[in-house]
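These numbers were taken from a predicted model, which means no experiment stands behind them. Labels below follow one simple rule: chain letters A, B, ... track the order of the sequence lines, proteins then strands, and each chain is numbered from 1.
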There are 2 protein chains.
Amino acid sequence: MATRTRRSQRRTEALSRERIVEAAVELLDATGEGGLTFRALTERLATGPGAIYWHVENKDELLGAATETVVAAALAVEPTGAPDSPAGAPDSPRDEIRAVALGLFEAIDEHPWLATQLATHLSRSPWGSVAPRIFESLGRRVRALGVPEGSWFVVTSALMHYILGAAGQNAANARAGGGGLDRDEFLDATAAAWEELDPDDYVFTRAVAYQMRGHDDREQFLAGIDLVLTGIAATHPPDA
Amino acid sequence: MATRTRRSQRRTEALSRERIVEAAVELLDATGEGGLTFRALTERLATGPGAIYWHVENKDELLGAATETVVAAALAVEPTGAPDSPAGAPDSPRDEIRAVALGLFEAIDEHPWLATQLATHLSRSPWGSVAPRIFESLGRRVRALGVPEGSWFVVTSALMHYILGAAGQNAANARAGGGGLDRDEFLDATAAAWEELDPDDYVFTRAVAYQMRGHDDREQFLAGIDLVLTGIAATHPPDA
DNA sequence: TCCATGCTGGAATGGCGTTCCAGTCATGTC
DNA sequence: GACATGACTGGAACGCCATTCCAGCATGGA
């Protein structure tokens with residue numbers, strides 16, 4: 001086995017599109033958006049640029065592949081059937097939507113570069129695999145919610161937009177603001193900055209700044225989801 | 001006059017931070033995200049890099065300034081008092097929120113680069129002037145809606161997240177997908193792509209693809225806003 | 001045995017953001 | 001009217017980036 005393996009491979013482990021994308025994700029996670037360079041990639045993979053370009057069209061495609069990989073992983077853990085639930089108590093569509101949303105939220109939280117990447121990727125090529133994947137996952141639950149067919153598209157889109165918008169903007173909050181600040185310091189600094197705004201132009205923002213300090217991102221994200229879900233339920237009563 | 005003007009200025013019109021930002025916005029509008037280079041900028045302003053760097057810290061700051069300028073302009077047109085309404089019929093907070101949202105939607109529609117820029121800018125530095133500006137504009141109406149103070153932050157954030165998320169993702173749809181396609185062709189291509197997805201994995205998406213074809217972005221965006229607003233009203237009844 | 005083909009990585013290219021610096025001009029001072 | 005000052009300019013250069021080119025390698029089939 002060892003012989004065959006060694007024979008069929010130039011290096012300890014052959015280069016492949018998978019290995020490249022995996023390394024790219026690791027690099028993005030470790031060093032952020034700007035940390036993914038072909039130099040760093042060739043170094044980490046102990047190879048040259050030509051080898052990478054043989055497996056991958058260009059950097060944009062590599063970023064797209066990284067995005068798709070991470071999103072797919074995030075949606076894969078979703079409790080489609082919830083086989084471990086107490087039996088006879090399947091999750092409601094509402095709970096499932098919350099779970100899917102939270103999965104995406106956490107994926108963006110773990111991979112902060114996803115926020116920007118999704119924004120460019122989704123609007124640039126909605127035919128890619130990532131938009132339909134998210135859309136499908138949410139849409140099935142929207143249908144289960146009892147929303148009439150004519151509104152499926154609108155409702156599912158709205159949900160997706162909220163989820164990606166909110167998760168994206170929260171992402172960097174969690175990871176501190178570029179400097180070495182931790183989350184509390186960062187929140188505190190932002191709240192302080194808000195409190196020093198012009199009292200005339202920013203009455204509301206100043207009045208609300210204190211709520212910024214101790215707030216829990218996840219909790220607030222879910223509260224937003226609930227707002228949208230409640231709106232959906234009110235607009236399309238399940239018994240209609 | 002001409003003499004004094006000519007005397008006090010090195011060139012026909014002196015370089016200034018304003019002029020630079022203005023040129024940057026024009027360049028971004030005309031040639032897209034990647035079109036803004038210092039080379040193109042120096043050419044358009046008939047100067048050298050050093051002159052630009054005297055007025056501006058670096059490219060990130062320039063992009064931030066461009067973003068702030070455009071957002072400020074978008075929020076400035078909002079009908080704060082609606083002085084031209086039939087008299088005695090002021091806009092409801094709900095209508096005003098719709099108007100503010102639509103203003104942002106159209107700004108992103110006119111300047112597609114705003115979508116990505118807002119995503120990076122907002123999450124990178126929430127203390128900048130753009131987040132508070134939007135937050136304030138929406139928050140005042142949320143308060144007028146009768147939402148209890150304890151929920152101001154959550155509700156306003158949710159609204160902002162939906163607006164920016166939805167507007168951002170719709171932006172590029174409107175401007176065709178990179179190629180020379182117009183809107184209808186683009187929508188059609190996307191719908192066709194969705195209809196060719198795996199029938200098992202994408203039941204919902206395939207079933208809904210046809211709704212993609214003729215849909216109106218603005219209308220759908222507003223429908224989403226209404227969903228959120230309805231959710232807000234249901235969660236916080238005005239008479240409570 | 002030898003060649004075709006899939007795959008590799010070092011060297012080179014052109015464009016980018018950014019820096020450096022020698023210079024220019026309006027202005028204040030005497 | 002001469003001169004020093006300091007805001008402001010723009011050409012040349014630097015280092016890093018994505019991308020391309022190509023001479024070579026290993027391997028499976030003839």
Residues within residues 57-68 of chain B bordering DNA chain C, heavy-atom distance below 4.0 Å: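 Those residues are B/Asn58, B/Lys59.
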
Quick one: salt bridge (charged side-chain N to carboxylate O under 4.0 Å, His left out) pairs with a partner in residues 38-47 of chain B, sequence neighbours left out? B/Glu26-B/Arg44

Given the rule that a pair is Watson-Crick or G-U wobble with both distances under 3.5 Å, how would you write DNA chain C in dot-bracket, using | for pairs to a different strand? ||||||||||||||||||||||||||||||

Just how far, in rounded Å, is [atom2] of [N] from [atom1] of [X]?
| X | N | atom1 | atom2 | value |
| --- | --- | --- | --- | --- |
| B/Leu15 | C/dC25 | CG | P | 16 Å |
| B/Ile52 | D/dT9 | CD1 | P | 10 Å |
| B/Leu36 | C/dC16 | CG | P | 11 Å |
| B/Leu27 | C/dG17 | CG | P | 11 Å |
| B/Glu33 | C/dG17 | CD | P | 13 Å |
| B/Tyr53 | C/dT19 | OH | P | 6 Å |
| A/Arg17 | C/dG6 | CZ | C1' | 17 Å |

At 4.0 Å (heavy atoms only), tell me whether B/Leu41 reaches a base, stays on the sugar-phosphate, or touches nothing. nothing

Using the side-chain contact (heavy atoms from CB on, under 4.5 Å) criterion, which residues pair with B/Glu68? Sequence neighbours excluded.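 Expected list: B/His121, B/Ser129, B/Val130.
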
For A/Leu222, side-chain contact (heavy atoms from CB on, under 4.5 Å) partners two or more places apart: A/Arg98, A/Leu102

Give the table of side-chain donor-acceptor pairs shorter than 3.5 Å for residues 187-199 of chain A, with sequence neighbours excluded, one pair per line with atom names and distance.
| from | atom 1 | to | atom 2 | distance (Å) |
| --- | --- | --- | --- | --- |
| A/Asp188 | OD1 | A/Arg213 | NH1 | 2.7 |
| A/Thr190 | OG1 | A/Phe186 | O | 3.0 |
| A/Trp194 | NE1 | B/Pro126 | O | 3.3 |
| A/Glu195 | OE1 | A/Arg213 | NH2 | 2.7 |
| A/Glu195 | OE2 | A/Arg213 | NH2 | 3.1 |
| A/Asp198 | OD1 | A/Asp200 | N | 2.6 |
| A/Asp198 | OD1 | A/Asp201 | N | 3.1 |

Which pairs would a plain distance check flag for residues 153-163 of chain A, meaning a side-chain donor or acceptor within less than 3.5 Å of a matching protein atom at least two apart in sequence or in another chain?
| from | atom 1 | to | atom 2 | distance (Å) |
| --- | --- | --- | --- | --- |
| A/Thr156 | OG1 | A/Trp152 | O | 2.8 |
| A/Ser157 | OG | A/Phe153 | O | 2.8 |
| A/Ser157 | OG | B/Gln220 | NE2 | 3.1 |
| A/His161 | ND1 | A/Ser157 | O | 3.3 |
| A/Tyr162 | OH | A/Phe221 | O | 3.2 |

Run A/Arg17 and A/Glu61 through salt bridge (Lys or Arg N to Asp or Glu O under 4.0 Å) and show every step you take. CA-CA 11 Å; A/Arg17 191 184 153 96; A/Glu61 201 216 290; 2.5 Å; yes

Take A/Ala51 and B/Pro49, find for each the nucleotide of DNA chain C with the closest heavy atom, and name the residue whose nucleotide sits nearer the 5' end. A/Ala51

For B/Tyr210, all residues meeting ring pair (Phe, Tyr, Trp, His ring centres under 6.0 Å), sequence neighbours excluded: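 Ring pair (Phe, Tyr, Trp, His ring centres under 6.0 Å) check on B/Tyr210 returns nothing, list empty.
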
With B/Thr69 via side chain to side chain donor-acceptor pair (under 3.5 Å) - residues at least two apart: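 Expected list: none.
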
So, for A/Phe38 and A/Tyr53, is the gap between ring centers shorter than 6.0 Å? yes

Any side-chain N or O of [X] below 4.0 angstrom from OP1/OP2 of [N]?
| X | N | result |
| --- | --- | --- |
| A/Arg39 | D/dC16 | no |
| B/Trp54 | D/dT9 | no |
| A/His55 | C/dG6 | no |

